[in-house]
Protein chains: 2
Amino acid sequence: MTRPTEHEVLAAVLQIRADSLQVLAWQRALPPDSGRWALPGGRLGDDEDVERSVRRQLAEKVDVREVTHVEQISVFSHPDRVPGPRLIATAFLGLVPSDSDPAVPADTAWHPLTALPPTAFDHAAIVEAAHDRLRAKLSYTNLGFALAPREFTISALRDLYAAALGHPVSATNLQRVLTRRGLLEPTGEVSPPGPAGGRPAALFRFTDRTLRVTDAFAVLRPPSEQLRGAVP
Amino acid sequence: MTRPTEHEVLAAVLQIRADSLQVLAWQRALPPDSGRWALPGGRLGDDEDVERSVRRQLAEKVDVREVTHVEQISVFSHPDRVPGPRLIATAFLGLVPSDSDPAVPADTAWHPLTALPPTAFDHAAIVEAAHDRLRAKLSYTNLGFALAPREFTISALRDLYAAALGHPVSATNLQRVLTRRGLLEPTGEVSPPGPAGGRPAALFRFTDRTLRVTDAFAVLRPPSEQLRGAVP
DNA sequence: TCCTGTTTTCGACTATCAGTCGCAAACAGC
DNA sequence: GCTGTTTGCGACTGATAGTCGAAAACAGGA
């Protein structure tokens with residue numbers, strides 16, 4: 001005879017807004033934790049798995065077509081994580097490109113991770129976990145495509161990475177590394193210079209807009225991967 | 001009015017046995033899927049979170065003190081992943097050092113990942129996910145400590161990594177990389193040579209037996225991390 | 001028109017690290 | 001003592017990252 005248990009999905013949807021990493025949340029109007037800010041989500045439906053469910057629930061708060069990337073993070077299952085009947089949460093990370101500004105309901109707003117308002121339940125820990133995952137994956141995957149606009153300048157991309165990672169990034173190294181990995185390609189066009197003038201910046205895009213792991217670690221890499229193609 | 005839903009935990013416990021990566025499973029005696037092999041696990045208790053639950057459930061199949069590392073992998077939540085009432089699974093990866101041979105019940109046995117017998121439900125996918133996670137984490141963490149004995153020779157460690165990764169590993173590079181990262185230290189002793197003679201191998205151990213992420217990626221590393229200590 | 005300030009772009013230099021190779025060291029067995 | 005075997009270790013090479021500085025390309029004002 002077990003305690004009644006429900007299952008919910010929750011998403012920490014992140015976007016870079018004004019050079020600062022922000023998360024989408026809505027303000028609870030009813031107890032428990034009324035007035036506090038909660039992540040979008042809700043109960044798992046009978047005919048959907050957690051991946052389908054989180055996309056459906058997100059659609060209630062934001063245009064899901066703007067959410068480029070959705071990824072499972074972790075299960076939060078403390079018996080008393082919410083008052084009342086037991087509720088187990090599968091947490092997700094969602095990413096929105098910085099050039100889109102999807103419409104959101106009146107109770108919903110973006111908040112910088114560095115200045116979160118009071119959050120409901122254990123949602124602050126979920127945001128933390130999502131941020132950690134983002135930082136890690138930016139390093140060894142092409143996940144930047146999910147935060148960046150379709151086309152961008154190198155310095156805009158540098159600012160994006162710096163905001164997501166929380167520390168300065170070298171534009172020279174960023175361009176060189178992403179290029180060598182085959183993730184970046186020039187569009188051939190240039191963006192108009194800023195208000196202070198300056199050389200017009202070349203525009204780039206990600207070659208691939210689906211997640212790809214790019215870093216192979218040396219110790220683990222097969223020695224002498226394979227001979228280079230014999231074509232002259 | 002939602003369909004009754006239960007929550008279970010499942011663990012893919014991996015160990016290197018005879019230079020081959022193997023997984024612990026038990027053979028089902030009752031329908032559904034009787035005769036097929038299943039991962040250890042079971043229903044989530046009322047007063048435990050998934051992490052506590054998986055350790056409790058594992059204790060029924062193996063001495064949990066031998067399971068050095070337990071880590072959450074992913075949620076498996078397809079509505080029809082098992083027949084009957086809906087059952088959502090949180091999957092875990094467990095690791096056992098290669099020098100321990102824990103006692104297991106009569107219905108339980110180790111199976112090489114390369115020659116899995118017929119598996120129950122979606123458990124094969126869980127094993128696959130656990131293997132992927134292990135491969136990835138061996139590369140950028142000190143997770144090797146959870147697979148290796150307390151003390152080992154470099155060539156034994158090379159064989160361990162090769163079995164877990166599925167491809168040959170250079171002993172020279174492995175030692176150099178792990179040493180530079182500060183993960184390896186010599187015990188000062190040597191192991192007796194093998195039956196064919198040969199130079200006695202020096203023994204090493206991991207400096208740290210708790211999980212540590214060791215690789216920092218260059219693009220994301222703060223430029224000029226910090227000045228070296230001013231001590232002469 | 002020319003000069004200055006600003007921003008981007010790109011090449012060069014250096015340090016670090018990984019992949020490879022080869023030899024010396026240290027054992028067993030004959 | 002000789003041979004075969006395994007480990008240990010240094011050296012070389014190529015690839016990659018961190019840094020710096022100069023040149024290119026623009027706007028605005030003198």
Output a table of donor-acceptor pairs, distance under 3.5 Å, between side-chain atoms of residues 196-211 of chain B and any protein atom two or more places apart or on a different chain; print 'none' if there are none.
| unit_1 | atom_1 | unit_2 | atom_2 | d |
| --- | --- | --- | --- | --- |
| B:R205 | NE | B:E185 | OE2 | 3.0 |
| B:T207 | OG1 | B:G182 | O | 2.9 |
| B:T207 | OG1 | B:L183 | O | 3.4 |
| B:D208 | OD1 | B:T210 | N | 3.4 |
| B:D208 | OD1 | B:T210 | OG1 | 3.0 |
| B:D208 | OD2 | B:R212 | NH1 | 3.1 |

Excluding sequence neighbours, so at least two apart, what forms side-chain hydrogen bond (donor to acceptor under 3.5 Å, both in side chains) with [X]?
X      : value
B:H131 : B:R135
A:T90  : A:H7
B:T108 : none

Pair A:D107 + A:K61: basic N to acidic O under 4.0 Å: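 The answer is yes: the pair qualifies as a salt bridge.
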Could you point out which residue of B:V62, B:V13, B:V64 forms a side chain to side chain contact (heavy atoms under 4.5 Å, CB included) with B:P102? B:V62
Whole Å only: how far is the [atom1] atom of [X] from the [atom2] atom of [N]?
X      : N      : atom1 : atom2 : answer
A:R158 : C:dT8  : CZ    : P     : 7 Å
A:F152 : C:dT9  : CZ    : P     : 12 Å
A:E189 : C:dT8  : CD    : C1'   : 17 Å
B:L174 : D:dG8  : CG    : C1'   : 14 Å
A:N173 : D:dA15 : CG    : P     : 18 Å

Qualifying residues under salt bridge (Lys or Arg N to Asp or Glu O under 4.0 Å), relative to [X], sequence neighbours excluded:
X      : result
B:E71  : B:R133, B:K137
B:E128 : none
B:D122 : B:R81
B:R150 : none

Touch class at under 4.0 angstrom, heavy-atom based, for A:A171 against every strand present: nothing
Using nucleotides 1-4 of chain C, report all nitrogen or oxygen pairs with the protein that are shorter than 3.5 Å.
none

Enumerate all atom pairs, one protein N or O and one N or O from nucleotides 9-14 of chain D, separated by less than 3.5 Å.
| unit_1 | atom_1 | unit_2 | atom_2 | d |
| --- | --- | --- | --- | --- |
| D:dC9 | N4 | B:T172 | OG1 | 3.4 |

Show me the donor-acceptor pairs within less than 3.5 Å that the side chains of residues 14-24 of chain B make with the rest of the protein, sequence neighbours left out.
| unit_1 | atom_1 | unit_2 | atom_2 | d |
| --- | --- | --- | --- | --- |
| B:Q15 | OE1 | B:R17 | NH1 | 2.8 |
| B:Q15 | NE2 | B:P97 | O | 2.9 |
| B:Q15 | NE2 | B:S100 | O | 2.6 |
| B:R17 | NH1 | B:D101 | OD1 | 3.2 |
| B:R17 | NH2 | B:D101 | OD1 | 3.1 |
| B:Q22 | NE2 | B:R17 | O | 3.4 |

Would you indicate, yes or no, if C:dG19 has its OP1 or OP2 atom less than 4.0 angstrom from a side-chain nitrogen or oxygen of B:S170? no
Might you list the N or O atoms of the protein lying below 3.5 Å from N or O atoms in nucleotides 27-30 of chain D, with each pair's distance?
none

